[in-house]
There are 2 protein chains.
Amino acid sequence: MHDSPLIERRSLATELVERLRGLIQEGQLRPGDKIVEPELCERFGVSRTPLREALKVLAAEGLVDLAPNRGARVARISPEAVEELFPIMGMLEALAGELCIERMGSADLALLEALHARMVAHWRACEWVPYGRLNRQVHEEIFRIAGNGALAALYQSLLIRTHAIRFMARKTPERWAEAVDDHDRIMGALRARDAAALNLIMREHLRHKADVVHEALQQLDNG
Amino acid sequence: MHDSPLIERRSLATELVERLRGLIQEGQLRPGDKIVEPELCERFGVSRTPLREALKVLAAEGLVDLAPNRGARVARISPEAVEELFPIMGMLEALAGELCIERMGSADLALLEALHARMVAHWRACEWVPYGRLNRQVHEEIFRIAGNGALAALYQSLLIRTHAIRFMARKTPERWAEAVDDHDRIMGALRARDAAALNLIMREHLRHKADVVHEALQQLDNG
DNA sequence: CGTTTGAATTTTGCATTCATTATTCAGTTT
DNA sequence: AAACTGAATAATGAATGCAAAATTCAAACG
């Protein structure tokens with residue numbers, strides 16, 4: 001039997017869920033924006049039925065707030081929500097780190113080292129955007145190595161929910177250095193395969209990220 | 001101004017999500033069952049539109065599997081999924097425990113002690129059902145005291161996803177005793193406000209629960 | 001007797017339609 | 001001028017309709 005790749009079939013609603021997630025992530029739809037169904041229907045060339053199904057899903061994910069008879073808005077993220085979500089993400093990253101240590105082979109570690117080194121180089125060069133990309137890749141790679149799909153999916157969904165806010169949160173140079181230092185220590189714990197240490201660092205790392213967001217929110221309120 | 005309670009308005013889809021969740025939880029709809037839209041529509045007296053919206057939401061929650069053009073089935077939970085989900089739940093419970101220690105007042109602790117004592121009494125009397133109820137209440141109370149709504153919601157959703165399997169998983173007397181012992185140690189750590197210890201116990205407790213489920217799955221395959 | 005084929009039936013995906021509920025805005029009142 | 005009223009408009013919630021896909025099942029074939 002020839003093992004041909006399955007023909008992938010998707011419903012409009014599924015397609016729309018991903019498109020809308022994308023729009024929210026890249027900031028085309030911003031937190032608090034009203035989502036008017038006929039408008040988006042025209043934009044995507046679909047009827048309201050699949051769009052509504054997609055909105056229901058996004059609401060279940062927490063990306064969209066749905067008020068009965070009053071339509072949908074892109075969810076705003078409050079300081080309280082940050083306070084709630086980041087510790088959870090910290091725990092999930094900590095678990096990912098532990099699993100990663102259990103399963104990681106030398107090739108995996110080498111890949112992480114390489115990504116980390118490139119990330120640090122971009123930091124030294126003050127290259128914001130590629131730094132951010134590498135940063136994300138390191139975390140993704142850790143989750144991949146951890147090999148727990150449900151964990152990765154859950155983390156990803158929380159990441160998207162908090163994305164809007166990080167988008168705005170410009171790191172100060174000190175915070176940036178702190179993040180790089182966290183990553184250095186993460187790599188150290190991975191090399192040493194020290195699960196307990198990694199656990200603590202991961203949670204501290206997320207605590208720092210939460211602090212950055214809080215500072216950014218403070219700025220918004222003042223300025 | 002008189003502070004009247006808001007009139008609560010719900011869409012049919014929202015209502016259906018909860019009804020269907022209930023049906024799945026109480027075993028009226030069992031894992032692997034095909035969900036035929038017209039059938040359920042008749043049962044609830046609604047049209048397919050809101051029902052389909054509800055199914056999309058349940059699919060996003062992982063309670064239902066949706067295959068394009070081939071309808072919905074109540075999600076089956078595989079041994080692999082257990083392997084993935086229980087460690088996550090362990091981490092979430094561990095976090096809840098830590099937060100609980102941070103925020104718990106003496107009244108909170110007293111309530112937990114009372115629930116725990118009643119639970120143990122039911123165990124001694126071999127009273128299955130009330131034991132289970134108290135067990136659940138203890139965990140719920142810990143999450144309530146922890147005061148992190150997102151954490152509680154996330155845990156709840158994983159709990160429902162794994163519910164079907166626990167439904168079947170009959171504990172052996174040894175496992176039952178083990179669970180009670182776990183709870184004893186949890187109470188001990190709470191009394192001592194020892195977050196690090198509680199963290200470990202919580203994760204171990206969930207590890208044990210996963211073992212129970214695995215044993216049950218084994219039984220099903222053999223018998 | 002087990003497979004295969006293809007028409008009849010059922011079920012699903014999506015568009016459309018209709019009723020209900022918000023929102024907007026001009027006209028009125030204070 | 002600010003605040004209220006209510007008709008006109010627009011948006012949402014849900015039912016219905018219709019085309020495309022899957023499933024079923026009986027007849028034909030090896």
Side-chain angles (χ1 to χ4, degrees), chain A residues 1-2 4-21 23-24 29-76, chain B residues 1-2 4-21 23-24 29-76:
Chain A
M1 177 91 136
H2 212 283
S4 340
L6 290 172
I7 295 172
E8 152 154 13
R9 293 191 296 181
R10 308 147 61 71
S11 66
L12 283 185
T14 312
E15 185 76 28
L16 283 170
V17 167
E18 294 177 14
R19 296 282 200 97
L20 289 174
R21 257 206 293 258
L23 252 47
I24 292 173
L29 287 172
R30 308 179 65 163
D33 281 2
K34 179 137 210 305
I35 295 176
V36 191
E37 293 174 8
E39 208 172 278
L40 280 177
C41 285
E42 174 134 13
R43 178 166 183 174
F44 290 118
V46 299
S47 79
R48 283 175 52 220
T49 309
L51 178 69
R52 289 173 110 281
E53 290 175 353
L55 288 176
K56 280 275 193 306
V57 170
L58 293 173
E61 289 179 3
L63 266 174
V64 158
D65 286 336
L66 227 46
N69 292 319
R70 311 189 58 193
R73 312 188 89 80
V74 180
R76 285 175 194 283
Chain B
M1 177 96 134
H2 211 283
S4 342
L6 290 172
I7 295 173
E8 136 155 26
R9 293 192 296 181
R10 307 148 59 72
S11 66
L12 284 184
T14 312
E15 185 76 29
L16 284 170
V17 167
E18 293 177 15
R19 296 282 200 97
L20 290 174
R21 256 205 293 258
L23 253 47
I24 292 173
L29 287 173
R30 310 179 63 165
D33 281 2
K34 178 133 212 302
I35 295 175
V36 191
E37 292 174 11
E39 205 173 280
L40 280 178
C41 286
E42 175 135 12
R43 178 166 184 174
F44 289 119
V46 299
S47 78
R48 284 175 51 220
T49 308
L51 177 69
R52 289 172 110 293
E53 291 175 352
L55 288 176
K56 280 275 191 312
V57 170
L58 293 173
E61 289 178 5
L63 266 174
V64 157
D65 287 335
L66 269 172
N69 291 318
R70 311 183 77 212
R73 304 180 123 13
V74 180
R76 284 175 194 283

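Predicted model, so just to flag it, every value in this text is computed and none were measured. By convention in this document, chain letters (A, B, ...) are assigned in the order of the sequence lines, proteins followed by strands, and residues within each chain are numbered from 1. Reckoned from all heavy atoms, side chains included, excluding hydrogens, waters and symmetry mates.
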Quiz prompt | Spacing between B/Asn69 atom CG and D/dC18 atom P, to the nearest angstrom | solution = 20 Å

Quiz item: From the list C/dC14, D/dT12, D/dA15, which nucleotide is the closest neighbour of the side chain of A/Leu12?
Solution: C/dC14

Quiz item: What integer distance in Å separates B/Leu40:CG from C/dT12:C1'?
Solution: 14 Å

Quiz prompt | Sugar-phosphate, base or nothing in reach of B/Ser11, heavy atoms under 4.0 Å | solution = sugar-phosphate

Exercise. State which of C/dG13, C/dA15, D/dA11 makes the closest approach to the side chain of A/Val36.
Key: D/dA11

Self-check item: DNA chain D: 5'-proximal contact among A/Pro68 and A/Arg9 (nearest heavy atom)
Solution: A/Pro68

Quiz item: In whole angstroms, how far is the C1' atom of D/dA14 from the CG atom of B/Leu16?
Solution: 11 Å

Self-check item: D/dA15 phosphate, OP1 or OP2, under 4.0 Å from B/Ser47 side-chain N/O
Solution: yes

Self-check item: Nearest to side-chain heavy atoms of B/Lys34, which nucleotide of C/dT23, C/dT11, D/dA15
Solution: C/dT11

Quiz item: Of B/Arg48 and B/Arg70, whose closest DNA chain D nucleotide lies nearer the 5' terminus?
Solution: B/Arg48

Exercise. Assess whether atom CZ of A/Arg10 is packed by more than 12 heavy atoms of other residues, nucleotides or ligands within 6.0 Å.
Key: yes

Self-check item: Between P of C/dC14 and CZ of A/Arg10, the distance in whole Å
Solution: 12 Å

Self-check item: Atom-to-atom span, CD of A/Glu37 to P of C/dT16 - whole angstrom
Solution: 15 Å

Quiz prompt | Selection from C/dT12, C/dG13, D/dG13 that lies nearest to any side-chain heavy atom of A/Arg52 | solution = D/dG13

Quiz prompt | d(CG, B/Leu66; P, C/dC14) in whole Å | solution = 12 Å

